[in-house]
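Below: the structure, in structure tokens.
Each ligand, and each atom within it, is numbered from 1 in the order the structure gives. Both backbone and side-chain heavy atoms feed into the values below; hydrogens, waters and symmetry mates do not.
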Amino acid sequence: MNIRSYRRHIENLDKTHLWHPFTQMKEWTEESPLVITDGQGSFLKDMFGTWYIDGVSSLWVTVHGHKKKEIDDAVKSQIDRISHSTLLGLTHPPAAELAAMLTTIAPKGLSRVFYSDNGSTSVEIGLKMAFQYWQLKGDTRKTKFIFLNNSYHGDTLGAVSVGGIDLFHRIFSPLLFQSYKIPSPYCYRCELGKTYPSCRLFCLREAEKILKKYHRELAGLIIEPLMQGAGGMIASPPGYLKGIKRLCDKYDTLMIADEVATGFGRTGKMFACEHEHVRPDILCLAKGITGGYLPLAATVASEKIYRAFLGNYTELKTFFHGHTYTGNQLACAAAIANLNVFKKEKTLQKLQRKIEILKKELLKMSAFKHVGDIRQKGFMVGIELVKDKKTRERYPLKDNIGSRVCYAARKKGLIIRPLGNVIVVMPPLSISPRELKSLTRITAEAIKDITEY
Ligand SMILES: *Cc1c(COP(=O)(O)O)cnc(C)c1O
């Protein structure tokens, strides 16, 4: 089969048998998909040999680039020994070694690693741990959770119950458990009608009202530290995260930090909590954990929480939860190699200069006629496009402005994906300054081409 007919064959199979995530399949089948076959560093290659910059790190996971030799080698050598054995009743070196490494780099006090295989399950586990913790402590009324408006914690039902994105979550509401919502620290569109910084973080006062009123029934509060990702790259103002932690402590509510997106260097530090010296009770990790290689997640708990679950088997204090592929060897081997590369290549140190370059490049776009707000935390960026810059009026849904900009970027050799009217830029941490400048140049051109035609 020549390459054209092989490509057509793949497209046919896809359109006949595949159901894509977060995708309107009617539109999908009317368009011709990009078929990716290879990757290298910051680039993806399609079937015809065209290379594209991977501007969203293959949905926020790629850290040191594609085909990173150290991670390739680690996975290959693990394959030569064994690919999977269970953690139920057995253990293995990669799971134990990685757990030790994770607790070493995690914020202080987090000492126990519970594995699963995706971000949503890491959140489910965090919620269930927090819930059971209070049951075991005898404070059986503490069963509910607080979440932020615009938050995204995954797509399983527990995670959706603490999700704050109406568009994704509303339809499932009859299936969800009741939770309490506090305002999103979305300064560009403050839902409390305030202006930063003169508001002096008024949203924290609103949060406190809820905590004060319901704390007797609160098991925990879940938050994406520093940056609400899928909700539209909403960056919280300085002091907000610390303020939330202070409230959790004051009202005896566990803090669950969902660092599925922000973890592993994304915001410029290994974990976003470090920016405000916050130590959560539970930390949820996934996306970047294997450097973007294999599905793996970890929920890291404090010793205090872990100890509450200890007892004789007949006391039934056991955490009855687990996934079949928990702590898979290949995934753990990839994760260990990923962390070793951070150390060996001084990834975080080298990242700082690139964050500044990115900031400077983004600044050039702030003058654009339809760029309303640019939000950046390290290598996590959202560019919010608006119909009217003065009134901050949104583009209507039917304009499909985000998708059109991303499509224009693709034609110029860059893969990015929008969140509604927000253009997301999340390059691999390993991207070179030159590649980074191409990325921002193409993004700028695509925004101009579509919004200022
Ligand atoms: C992506 C994401 C999740 C869900 O992770 P999956 O692996 O897609 O289940 C949860 N929380 C945050 C903050 C995320 O960005």
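Defined by atom type and a distance below 3.5 Å, a donor-acceptor pair is present between the side-chain atoms of His84 and Asn328. Judged purely by distance below 3.5 Å, without hydrogens or angles, the side chains of Asp38 and His66 never pair a donor atom with an acceptor atom.
For Trp60, every heavy-atom contact with ligand 1 shorter than 4.0 Å involves the side chain, none the backbone. At a heavy-atom cutoff of 4.0 Å, ligand 1 is contacted by the backbone of His153 but not by its side chain.
Scanning all protein heavy atoms for the shortest distance to atom 2 (C) of ligand 1 gives Lys287 NZ, 2.5 Å. Summary of contacts: the protein heavy atom closest to atom 12 (C) of ligand 1 is Asp258 OD2, 3.4 Å. Distance from atom 9 (O) of ligand 1 to its nearest protein heavy atom, with residue and atom name: Ser120 OG, 2.5 Å.
Near Ala261, meaning under 4.0 Å from any of its heavy atoms, are these atoms of ligand 1: 15 (O). Atoms of ligand 1 found under 4.0 Å from any heavy atom of Asn118 (numbered from 1 in listed order, with element): 7 (O), 9 (O). Taking a cut-off of under 4.0 Å to the non-hydrogen atoms of Glu224, the atoms of ligand 1 that pass are 13 (C).
The option from Ala257, Gly119, Gly154 that lies nearest to atom 5 (O) of ligand 1, judged by heavy atoms, is Gly119.
Note on ring orientation: taking the six-membered ring where Trp is involved, the planes of Tyr251 and His215 are tilted (angle from 30° to 60°).
Taking a cutoff of 4.0 Å between a charged side-chain nitrogen and a carboxylate oxygen, Lys26 and Glu30 qualify as a salt bridge. Using a cut-off of 4.0 Å between Lys/Arg side-chain N and Asp/Glu carboxylate O, Glu274 and Lys108 are scored as not salt-bridged. In summary, Lys212 and Glu208 do not engage in a salt bridge, as defined by a charged side-chain N under 4.0 Å from a carboxylate O.
Among Leu254, Ile256, Thr253, the one residue that satisfies the side-chain contact (heavy atoms from CB on, under 4.5 Å) test with Phe145 is Ile256.
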